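Small disclaimer: the values here were computed from a predicted structure and weren't measured.
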Amino acid sequence: MEFGMKQSPSFGSAAGQPMEWYSAGPNSGGYGGGGSAAFYAPPPGAGASAAYSSGFEDEPPLLEELGIDIPSILQKTKAILLHQMRAPCLDDLDFGGALIFLLLLGGLHLLLGKMHFGVLLGWSAVQSGVLWFVVNQIASNEASEHRALDLYSCCCIVGYGLLPLILLSLGVLLMPRGPVSVVLAVLAAAWSALTAAKVLARISHALAEVRSLVLVPCFLLYGSFALLTVY
């Protein structure tokens, strides 16, 4: 029997290449040596390429794996800038947006000639911990049964509260420093403190009656960031 390759018209490989059938000679047959046998050899690299392509197609986007939802961050930013404190999106703040605003504030300080990335990150971490402790103590004194504020939520609130200070940095970058920039710094710190206090009251209802008391540590927190921007 002759040795050759035959293409089956009714079958095809997954990679779009024709199947190859090999037939052996009479001496390489079955146990008796007189039969003929045929076996199928797939095209080289067909299975590996199919598995490689299907594996990457099933993977989610990188931002989704990191937990960063850009449309949700923009929606929360709009609610804070327009002072829509009753928006449902503010009930669940994410750490990705808070970190983006912190880095954006550091970048604006860099344009002002100040290298404050480490200072902003360190102050945010320490002051978030202090605010978390103080707010929980206030809430526990006001109500015996209350929803305790976790440290993660406090860090997210502090990060999103930096939005007015980002606007302050843009104003200081575009105008000369003077009494006007100091007034803008006070207003931005008050805006950030009021935003953080209202979001804290949404999460822990025990703070709704003592919102003015929560404003004090929030104003001290954002006032320190405003001083870094102006001076």
Side-chain angles (χ1 to χ4, degrees), residues 63 66-112 114 116-132 135 149 151-175 177 180-204 207 211-212 214-231:
L63 291 179
L66 295 176
I68 300 176
D69 189 0
I70 299 300
S72 177
I73 293 175
L74 294 178
Q75 185 179 7
K76 296 168 186 175
T77 303
K78 179 182 177 181
I80 291 177
L81 292 179
L82 298 179
H83 208 66
Q84 299 173 351
M85 294 293 104
R86 296 184 179 181
C89 60
L90 296 180
D91 292 332
D92 186 19
L93 299 179
D94 58 287
F95 189 73
L99 187 59
I100 289 175
F101 296 139
L102 184 64
L103 295 177
L104 183 58
L105 183 61
L108 291 174
H109 281 200
L110 186 62
L111 294 178
L112 291 171
K114 306 172 183 179
H116 285 164
F117 283 102
V119 176
L120 292 174
L121 185 60
W123 282 19
S124 299
V126 173
Q127 293 180 2
S128 296
V130 174
L131 182 64
W132 166 76
V135 167
L149 179 69
L151 185 58
Y152 175 81
S153 300
C154 191
C155 292
C156 296
I157 293 172
V158 170
Y160 273 91
L162 294 174
L163 276 171
L165 296 178
I166 293 176
L167 298 180
L168 171 66
S169 300
L170 286 174
V172 174
L173 184 63
L174 298 176
M175 68 176 60
R177 300 177 186 178
V180 177
S181 60
V182 175
V183 173
L184 290 178
V186 174
L187 293 178
W191 184 5
S192 297
L194 184 61
T195 299
K198 288 188 175 182
V199 177
L200 287 170
R202 286 175 61 96
I203 296 177
S204 181
L207 300 174
R211 189 183 302 168
S212 58
V214 180
L215 276 172
V216 177
C218 293
F219 184 78
L220 293 177
L221 188 155
Y222 292 109
S224 61
F225 288 113
L227 289 175
L228 281 178
T229 303
V230 176
Y231 295 104

Student: So how far is it from Leu104 CG to Leu99 CG, rounded to the nearest 0.5 Å?
Tutor: 11.5 Å

Student: State the CG-SG distance between Leu131 and Cys154, to the nearest 0.5 angstrom.
Tutor: 4.0 Å

Student: Rounded to the nearest 0.5 Å, what separates atom CZ in Arg211 from atom CG in Leu200?
Tutor: 10.5 Å

Student: Could you give me the CA-CA distance, side-chain angles and deciding distance for Ile73 and Thr77, then say whether side chain to side chain contact (heavy atoms under 4.5 Å, CB included) is met?
Tutor: CA-CA 6 Å; Ile73 293 175; Thr77 303; 4.1 Å; yes

Student: So which atom in Ser192 and which in Tyr222 form the shortest heavy-atom distance, rounded to 0.1 Å?
Tutor: CB-CG, 3.5 Å

Student: What I'd like to find out is whether the side chain of Ser169 reaches to under 4.5 Å of the side chain of Leu105, using heavy atoms alone.
Tutor: yes

Student: Minimum heavy-atom separation for Lys114 and Arg177, please, with both atom names.
Tutor: CE-NH2, 3.7 Å

Student: In this structure, are over 12 heavy atoms from other groups packed under 6.0 Å from Trp132 atom CH2?
Tutor: no

Student: Using residues 120-128 as the side-chain source, report each donor-acceptor pair under 3.5 Å to any protein atom, sequence neighbours left out, with the distance given to one decimal.
Tutor:
residue	atom	partner	partner atom	Å
Ser124	OG	Leu120	O	2.6
Gln127	NE2	Ser224	OG	3.2
Ser128	OG	Ser124	O	2.5

Student: Are any side-chain N or O atoms of Lys198 and backbone N or O atoms of Arg86, one a donor and one an acceptor, separated by less than 3.5 Å?
Tutor: no

Student: Looking at CG of Leu173 and CG of Leu168, how far apart are the two atoms once the value is rounded to the nearest 0.5 Å?
Tutor: 11.0 Å

Student: For a side chain to side chain contact (heavy atoms under 4.5 Å, CB included) check, start with the C-alpha distance between Tyr160 and Asp94, then their side-chain angles and the critical distance, and finish with the verdict.
Tutor: CA-CA 9 Å; Tyr160 273 91; Asp94 58 287; 2.7 Å; yes

Student: What residue among Leu90, Ile157, Leu207 forms side chain to side chain contact (heavy atoms under 4.5 Å, CB included) with Arg202?
Tutor: Leu90

Student: Rounded to the nearest 0.5 Å, how far apart are NE2 of His109 and CD1 of Ile166?
Tutor: 9.5 Å

Student: For Leu93 and Cys89, which heavy atoms make the closest approach, and how far apart are they?
Tutor: CD2-O, 4.3 Å

Student: Could you label the plane-to-plane angle of the Phe95 and Tyr152 rings as parallel, tilted or perpendicular, counting under 30° as parallel and over 60° as perpendicular?
Tutor: tilted

Student: Could you tell me which non-hydrogen atom of Val182 sits nearest to which non-hydrogen atom of Tyr231, and how far apart they are?
Tutor: CG2-OH, 3.7 Å

Student: Which heavy atom of Ala226 sits nearest to which heavy atom of Ala189, and what is that distance?
Tutor: CB-CB, 4.4 Å

Student: Which heavy atom of Ser181 sits nearest a heavy atom of Val230, and at what distance?
Tutor: O-CG2, 3.9 Å

Student: Distance from Thr229 atom OG1 to Leu108 atom CG, nearest 0.5 Å?
Tutor: 8.5 Å

Student: Assess the residue pair Phe101 and Leu165 against the criterion (side chain to side chain contact (heavy atoms under 4.5 Å, CB included)); give the C-alpha distance rounded to whole Å, side-chain angles, the decisive distance to 0.1 Å, and a yes or no.
Tutor: CA-CA 10 Å; Phe101 296 139; Leu165 296 178; over 6 Å; no

